Amino acid sequence: MNETRFWGHHLLLDCHNCNIARITNPEYLEAWVKSLVERIDMVPYGDPQIKHFGHNERHLEGWTVIQLIETSNIIAHFNDHTGEGYIDIFSCRPFDVEEAVKQVEFWFMPEYIRKNYLTRQA
């Protein structure tokens with residue numbers, strides 16, 4: 001199937017040992033997601049939501065970032081204590097996967113990223 005005919009393009013990044021100071025700073029997270037949207041040539045739909053969760057179970061505490069884009073969404077979850085980050089970018093329009101990975105490397109400095117890229121079609 002021709003890639004331009006896929007319904008969706010989905011990048012999943014599992015990030016190991018990110019910079020804790022960066023992933024626990026909501027202003028930094030906002031700057032990251034706004035930069036990411038611009039660098040992968042997407043159009044934001046409103047402002048990002050950035051919320052802290054997991055208060056009942058300390059080992060799960062962390063920030064979640066949700067940015068709607070005109071072609072779908074970007075969602076990221078970070079763990080305050082382990083430095084783990086889980087980032088999903090889903091778009092009906094293709095985007096530069098390598099640029100998205102570069103942005104995550106630059107902003108969060110993970111030791112390792114496991115990358116999975118899927119095309120979606122029902």
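Predicted model, so just to flag it, every value in this text is computed and none were measured.
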How far does CZ of F106 sit from CZ of R22, to the nearest 0.5 angstrom? 7.0 Å
Nearest-0.5 Å distance that lies between atom OG in S91 and atom CD1 in I74: 8.5 Å
Under a single-linkage definition using a 4.5 Å side-chain heavy-atom cutoff for Ile, Leu, Val, Met, Phe, Trp and Tyr, are V33 and Y86 assigned to the same hydrophobic cluster? no
Same hydrophobic cluster for I75 and L29, using side-chain heavy-atom links shorter than 4.5 Å among ILVMFWY? no
Minimum heavy-atom separation for R93 to T71, with atom names? CB-CG2, 4.0 Å
Exercise: identify the closest heavy-atom pair between G85 and F78: CA-CD2, 3.7 Å
Membership question, hydrophobic clusters at under 4.5 Å side-chain separation (ILVMFWY): are Y117 and L36 in the same one? yes
To the nearest 0.5 Å, atom CD1 of I23 lies from atom CE of M109 at 12.0 Å
Step through the shown structure and confirm whether more than 12 heavy atoms of other residues, nucleotides or ligands are within 6.0 Å of CD on E38. no
Nearest-0.5 Å distance that lies between atom CG in L13 and atom CZ in R114: 10.5 Å
Specify whether H10 and F90 have parallel, tilted or perpendicular ring planes, treating 30° as the upper limit for parallel and 60° as the lower limit for perpendicular. perpendicular
Show me, pair by pair, the donor-acceptor contacts under 3.5 angstrom made by side chains of residues 63-70, not counting sequence neighbours?
residue, atom, partner, partner atom, Å
W63, NE1, T24, O, 3.4
T64, OG1, H77, ND1, 3.0
Q67, NE2, G46, O, 3.1

Any idea which heavy atoms bring P26 and I50 closest together, and the distance? O-CD1, 3.7 Å
Suppose clustering is done on Ile, Leu, Val, Met, Phe, Trp and Tyr with side-chain heavy atoms closer than 4.5 Å. Which residues sit in the same group as V43? none
Using the rule side chain to side chain donor-acceptor pair (under 3.5 Å), only one of H52, R58, H59 pairs with D80; which is it? H52
Around atom CG of N116, are there more than 12 heavy atoms of other residues, nucleotides or ligands at under 6.0 Å? yes
Which heavy atom of I40 sits nearest to which heavy atom of F95, and what is that distance? O-CB, 4.0 Å
Restricting to non-hydrogen atoms, name the atom on M42 and the atom on P94 that form the minimum distance, rounded to 0.1 Å. CE-O, 3.9 Å
Nearest heavy-atom approach of S35 to W107 is CB-CZ2, 3.6 Å
D14 vs Y112, side-chain contact (heavy atoms from CB on, under 4.5 Å): CA-CA, chis, key distance, verdict: CA-CA 8 Å; D14 297 345; Y112 173 78; over 6 Å; no
Between E61 and H81, do the side chains contain an N or O donor and an N or O acceptor separated by less than 3.5 Å? yes
To the nearest 0.5 Å, how far apart are CZ in R120 and CH2 in W7? 11.5 Å
Could you measure the distance from the CG atom of N73 to the CD1 atom of I89? Nearest 0.5 Å is fine. 10.0 Å
